[in-house]
Structure formats: structure tokens, C-alpha cells
Amino acid sequence: LAPLFLAIISILAKWLIIGRFKQGSHCLWGGYYFRWWFVRRISKLVPLTYFAGTPLINVYYRLMGAKIGNNVWIGTVDFDAPDLISIGDNTVIAADSSLSTTSIAKGRFYTSFIEIGNDCCIGTKCIIGASSKIGNSAVIEDLSSLLPGTVVESFSTWTGIPARETQSHTPRKPQRITRRTKRISQR
């Protein structure tokens, strides 16, 4: 019951203190940065590991402002600014991956979108940098790191640090299940 109560408190605090996160450049140590930091500290009080891998994590992040499609499995709890994250349908984000919508450079605090398409797979312990766009049916293999601003084409597989395209795969047509295919698959 306590994790649920803390989740409700963090959702209310986020909407009351900062409202919707906005993409842009902000003064480091300024008002916007302080409000972002404060909301993150409150959100870290929520033991989200209890929710990871369950439909509750999707509900929580949707209430925090993330755009999450249908049939999405999220095994991670590390979203910097949920409002700036868009995840398409039938996507998997494995455990301990990080969607980093924020960065700091030259005394500025930057916030930017991350877009993940439909039917994607983000492997375990991956880092997705700010301003990254991942096309439909793309695969980011385990332990990979996408640099900020990376565009991943649809139907491609990326791996490594920094991640590079290793192969491109063509979409497969769904197979119709008939009596004959059932018999073949049972052999």
C-alpha cells in the first residue's frame, strides 16, 4: 500500500510543481532546473521496482505524462522527464535501461524528446540518449548506448557503445495459421 501512496504523491507533486516538462534549453541552477531536480527527488522516493514489468508501471508513467502505446512492456524505472517520452505499440523496454531526456552542457540544462516506434525492442541496460528517434521494428541490443540525437531506421538492429547499426532486417509477413501449419509446427 505504501508504494501506491508514494506513487500518488509523486504524480501530484510533478503536476503541481512543474506541470508538463518542456523541450528546450534552460539555465543550469535556475528555477526550471531546480523544479525538475525537486520533482526527480520526490519521484525517486517511489519504489518503482515493485511496478517494473507490470501494467502498473505503464499506468504510472502515463499519469506522469508519457505517451505509451498499447501492449508495451516496461522493465525499467529510469525515465528523466516522462512528458518527453513517446513509446509506440507492442514495444519492449528491458530491465535497467535508461531513457535520458536530459543533458547538461556549457552551463545549460537541455531537455528533449525521445521517440520509440511500434514493435521495437530495447535490450537490457541500454542507454537511449536525448533527441533519439527509433523507427518501427528496430532492435537495440543489450548493453548498447545510443548517443544523443541518434536516428535509428525502421527494421534495423543496433549494438555497441556507442551503438552502430549491425544489420537491417526485412519485415516478415505474418503467417496464416491453417491445419497444415499446425501439423508442421507440432512435429
Side-chain angles (χ1 to χ4, degrees), residues 10 14 18 21-26 28 32-33 36-54 57-58 60-62 64-69 72-169:
S10 73
K14 185 256 183 197
I18 203 161
F21 289 106
K22 297 178 178 83
Q23 179 176 351
S25 171
H26 312 280
L28 186 59
Y32 188 85
Y33 175 81
W36 171 83
W37 174 85
F38 190 64
V39 167
R40 286 278 292 169
R41 296 297 64 86
I42 292 171
S43 297
K44 290 288 185 185
L45 295 175
V46 182
L48 288 177
T49 53
Y50 292 126
F51 300 161
T54 71
I57 196 82
N58 293 6
Y60 175 77
Y61 282 133
R62 282 181 182 128
M64 290 292 275
K67 294 171 187 72
I68 299 173
V72 172
W73 189 87
I74 299 174
T76 189
V77 296
D78 195 10
F79 285 20
D80 281 352
D83 292 318
L84 302 175
I85 295 172
S86 174
I87 302 169
D89 297 337
N90 306 313
T91 293
V92 173
I93 300 175
D96 300 325
S97 291
S98 176
L99 303 180
S100 302
T101 55
T102 59
S103 61
I104 295 174
K106 297 182 181 176
R108 302 295 296 173
F109 174 66
Y110 297 96
T111 54
S112 49
F113 286 102
I114 290 177
E115 296 177 25
I116 301 172
N118 298 325
D119 306 309
C120 292
C121 180
I122 310 297
T124 303
K125 296 192 179 207
C126 287
I127 298 171
I128 308 300
S131 300
S132 294
K133 294 182 182 183
I134 301 173
N136 294 333
S137 299
V139 175
I140 310 299
E141 292 188 350
D142 298 340
L143 303 172
S144 296
S145 178
L146 283 183
L147 295 175
T150 302
V151 177
V152 175
E153 298 295 325
S154 295
F155 305 104
S156 62
T157 300
W158 288 55
T159 189
I161 301 173
R164 304 261 188 247
E165 185 173 5
T166 56
Q167 65 185 18
S168 182
H169 51 276

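Residue numbers start at 1 and run along the sequence shown. Please read these numbers as outputs of a predicted model, since none were measured by experiment.
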**Student:** Of all heavy-atom pairs between A163 and S144, which one has the smallest distance, and what is that distance?
**Tutor:**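 That would be CB-CB, 4.3 Å.
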**Student:** Between S43 and F79, is the side-chain contact (heavy atoms from CB on, under 4.5 Å) condition met? List the steps.
**Tutor:** CA-CA 10 Å; S43 297; F79 285 20; over 6 Å; no
**Student:** Measure across I74 and I57 and return the closest heavy-atom pair with its distance rounded to 0.1 Å.
**Tutor:** O-CG2, 3.5 Å
**Student:** Looking at N118 and D89, what are the two nearest heavy atoms and their distance?
**Tutor:**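 Answer, listing the atom of N118 first, then D89: OD1-N, 2.7 Å.
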**Student:** Please indicate whether Y32 has more than 12 foreign heavy atoms, meaning atoms of other residues, nucleotides or ligands, lying under 6.0 Å from its OH.
**Tutor:** yes
**Student:** Work out which heavy atom in N58 is nearest to a heavy atom in V72; give both atom names and the distance.
**Tutor:** ND2-O, 2.8 Å
**Student:** Only one of Q23, K14, K67, K22 passes side-chain hydrogen bond (donor to acceptor under 3.5 Å, both in side chains) with D83; say which it is.
**Tutor:** K14
**Student:** Are a donor atom and an acceptor atom from the side chains of T76 and S97 found within less than 3.5 Å of each other?
**Tutor:**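 Not at all, the side chains of T76 and S97 share no donor-acceptor pair under 3.5 Å.
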**Student:** When rounded to the nearest 0.5 angstrom, what is the spacing between CG in L28 and OH in Y110?
**Tutor:**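 Going from the CG atom of L28 to the OH atom of Y110 covers 10.0 Å.
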**Student:** Check I85, T102, V39 against F21 for a side chain to side chain contact (heavy atoms under 4.5 Å, CB included) and give me the one that passes.
**Tutor:**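 For F21, the side chain to side chain contact (heavy atoms under 4.5 Å, CB included) check succeeds only for V39.
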**Student:** So, are R40 and D80 salt-bridged, with charged N and O less than 4.0 Å apart?
**Tutor:**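 The answer is yes: the pair qualifies as a salt bridge.
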**Student:** Quick one: salt bridge (Lys or Arg N to Asp or Glu O under 4.0 Å) partners of R108, sequence neighbours excluded?
**Tutor:**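 Not a single residue meets the salt bridge (Lys or Arg N to Asp or Glu O under 4.0 Å) criterion with R108.
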**Student:** Calculate, to the nearest 0.5 Å, the distance between atoms OG and CG belonging to S10 and L48 respectively.
**Tutor:** 7.0 Å
